[in-house]
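A short worksheet on the structure shown next.
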Amino acid sequence: MDGVTDATTRAAITSIFEGRCGVSVCATEFVRVTGQPVVAKVLLRSCPELRHGGTTPSGVPVFVQLLGSDPAAMATTAHTAVALGAPGIDLNFGCPAKTVNAHDGGATLLKAPERITRVTAAVRSVVPPELPVSVKVRIGWDGPEALAAIADAAQRGGATWLTVHARTRTQLYRPPVHWAELARAREAVSIPVVANGDLVDEASVRACARKSGCSAFMIGRAALGAPDLFARLRGFVGAPLADDDLATLIARWLDGLEAQGRPADAVLRRLKQWLRLAVFSRPTFADRFDRVKRCASLPLARLALAESGVAHEPPRARIRVLCA
Ligand SMILES: Cc1cc2nc3c(=O)[nH]c(=O)nc-3n(C[C@H](O)[C@H](O)[C@H](O)COP(=O)(O)O)c2cc1C
């Protein structure tokens, strides 16, 4: 996820349960390809894992995610990524951001499925057949009617699998999520269709499987609040990760960001972002988020993160005590 799941975060999320995290594949944040192909230096910045075999430290493959509409530039960039060792390429035709769409990228291509075929085919033609090219879309621009054509377009372009976020572009991230509509894609193609959108726990994944008929899932935001969900779905672990254990994982991730020499205020912003997203799948983190979001410094925020339970002093009082 753009601005969220950089290499440090990918490493943290896939580090749980000592390599049995349950994640099959990660994708980088999207790399925008506008007109000119993207050079190796930029790809290595987005995907430093390319220097280490294209996997997270726990061994999960990291696909390089490309966003753009120019078939030639996308293909050249994919070729560079593969030459650097990318284990796969993920193509983003789902991004709803206004600036991205205004520059003819992301979900804009849902309005003309044949363009999805052209970009996918161009990329497929330069990626060795044994490496996957996955495609990500939404159910449509402003309705699901074209989803079968969109899925077929991805398949005709040679996509290895298709991930569908069960919302339209015009919905952005607003409810409801339309899991049942994913059946339109599944019935239109023979490649696997991966379901995405609002999968926050085992119950929601089961409900999505029932309504969509899908048996593969992509989890975005809930990876921050429930990084254990992947392993639980696979039956690797039973009990859910405790709040304090997630706080410990986040604290280790903060150590990693600080060790890279990132400025404290930038690290603090990232911490607040992680906690805001964590509440989506872990409502019990609302208190922690509330405390942390009022902290003006990273050391205070670290204390607020470590603090468990609901009985706590109001943050302002605590700040005064700490400064005394
Ligand atoms: C902050 C943020 C950044 C995102 N960045 C990307 C991205 O770079 N590429 C992508 O395909 N989807 C991106 N998404 C969409 C997610 O991958 C996913 O489709 C969406 O959040 C719904 O799934 P979820 O409910 O599991 O999060 C982003 C979502 C959020 C909230």
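Just follow the structure's listing: the first ligand is 1, and inside any ligand the first atom is 1. The shown structure was predicted, so the numbers you read here are calculated from the model rather than taken from an experiment. Residue numbers run from 1 in the order of the sequence given.
Proximity of a side-chain donor or acceptor of R291 to a complementary backbone N or O of E307 within less than 3.5 Å is detected.
Closest of all the heavy-atom pairs between T77 and P37 is OG1-CA, 3.4 Å. Nearest heavy-atom pair across I89 and L91 is CG2-CD2, 3.9 Å.
Near ligand 1, residues M1, D2, V4, F30, Q65, N92, K136, H165, Y173, N196, G197, D198, M218, I219, G220, R221, F280 come within 4.0 angstrom through at least one heavy atom.
A salt bridge links E258 to R302: one of the charged nitrogens lies within less than 4.0 Å of a carboxylate oxygen.
The ring of W161 has its center no closer than 6.0 angstrom to the ring center of F217.
One distance of note links CZ of R184 with NE2 of H178; it measures 10.5 Å at 0.5 Å rounding.
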